[in-house]
Amino acid sequence: MAVKLWWCAAMTMTLLTGPAPARAAAERRCGWLDNVTPGNFELVDRDGRWTIAQQGGYEAPGFDRLPDMSSKGGVATNGPHGYSCACITARTDAKSRRVIDLVSGQPRSLRQCRNDRTLPKR
């Protein structure tokens with residue numbers, strides 16, 4: 001009897017609230033890792049620009065997993081700030097164009113991004 005009541009309660013809650021939302025799967029994205037001003041990080045890949053962090057505001061969980069921008073020849077354009085080439089594995093929100101969970105990051109050579117015809121030229 002208790003199991004039957006529990007099952008009825010669970011089904012009622014599911015019908016009222018809907019199924020639990022599916023969590024976005026992590027995906028690998030490669031492109032230009034931009035840090036042109038302090039605290040602002042974005043990845044520009046074939047699908048567009050993805051916000052990773054904004055100075056004084058949003059910062060994706062896992063932000064500390066970003067690769068070191070200087071390890072594969074990053075380019076300084078504004079003091080120590082600039083761009084590099086990288087791949088990240090992350091969960092993203094396509095609507096807000098944000099990285100919502102950074103799982104990992106790997107530096108790539110600048111040549112790899114420069115030779116990728118799906119990326120904007122630098």
Side-chain angles (χ1 to χ4, degrees):
M1 179 73 170
V3 172
K4 196 176 209 181
L5 287 174
W6 176 87
W7 186 84
C8 288
M11 290 306 296
T12 301
M13 288 304 295
T14 300
L15 291 172
L16 292 174
T17 61
R23 188 169 186 190
E27 55 193 354
R28 183 171 167 90
R29 294 188 166 276
C30 298
W32 297 112
L33 180 59
D34 287 343
N35 171 226
V36 294
T37 56
N40 294 304
F41 286 84
E42 297 177 320
L43 183 80
V44 180
D45 71 1
R46 67 175 184 233
D47 296 326
R49 187 171 296 274
W50 300 91
T51 300
I52 301 169
Q54 292 175 318
Q55 184 180 25
Y58 180 75
E59 185 175 290
F63 174 76
D64 58 325
R65 296 184 190 110
L66 275 178
D68 177 5
M69 292 182 72
S70 64
S71 66
K72 293 270 185 163
V75 177
T77 58
N78 179 21
H81 307 287
Y83 64 90
S84 65
C85 184
C87 289
I88 63 170
T89 301
R91 287 186 238 333
T92 59
D93 178 4
K95 187 174 180 181
S96 67
R97 308 299 287 180
R98 280 188 173 181
V99 171
I100 56 174
D101 184 23
L102 184 63
V103 176
S104 66
Q106 301 80 33
R108 298 175 81 197
S109 71
L110 292 174
R111 180 176 45 88
Q112 287 175 289
C113 280
R114 288 181 177 142
N115 290 339
D116 186 336
R117 293 181 181 170
T118 67
L119 299 176
K121 297 294 177 205
R122 300 272 168 109

When hydrophobic residues are tied together by side-chain contacts of less than 4.5 Å, even through go-betweens, does [X] share a cluster with [Y]?
| X | Y | value |
| --- | --- | --- |
| Leu33 | Phe63 | yes |
| Tyr58 | Ile52 | no |
| Leu110 | Val44 | yes |

I need the [X] [atom1] to [Y] [atom2] distance, nearest 0.5 Å.
| X | Y | atom1 | atom2 | answer |
| --- | --- | --- | --- | --- |
| Trp50 | Ile100 | CH2 | CD1 | 10.0 Å |
| Arg29 | Leu102 | CZ | CG | 12.5 Å |
| Gln106 | Lys72 | CD | NZ | 10.5 Å |

Taking Asp34 for its side chain and Glu42 for its backbone only, find out whether a donor-acceptor pair lies under 3.5 Å. no
Asp101 backbone acceptor or donor facing Arg91 side chain under 3.5 Å: no
Is it true that, when you exclude Lys95 itself, more than 12 heavy atoms of the residues, nucleotides or ligands shown sit nearer than 6.0 Å to its NZ?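 Counting neighbours around NZ of Lys95, 12 or fewer heavy atoms of other residues, nucleotides or ligands fall under 6.0 Å, so no.
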Distance-only donor-acceptor pairs under 3.5 Å for side chains of residues 76-90, two or more places apart:
unit_1	atom_1	unit_2	atom_2	d
Asn78	ND2	Val36	O	2.9
His81	ND1	Asn35	OD1	3.2

Quick one, Cys30 and Arg108 - any side-chain contact, counting heavy atoms below 4.5 Å? yes
Got Arg97 and Asp47 here, is their nearest side-chain heavy-atom distance under 4.5 Å? yes
Mind jotting down which residue pairs meet the disulfide (SG to SG under 2.5 Å) criterion with at least one end in residues 52-82? Sequence neighbours excluded, please.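 Sorted result for residues 52-82: empty, none.
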Shortest non-hydrogen separation from Arg114 to Arg122 and the atoms involved: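 Here Arg114 and Arg122 meet closest at NE-O, 4.1 Å.
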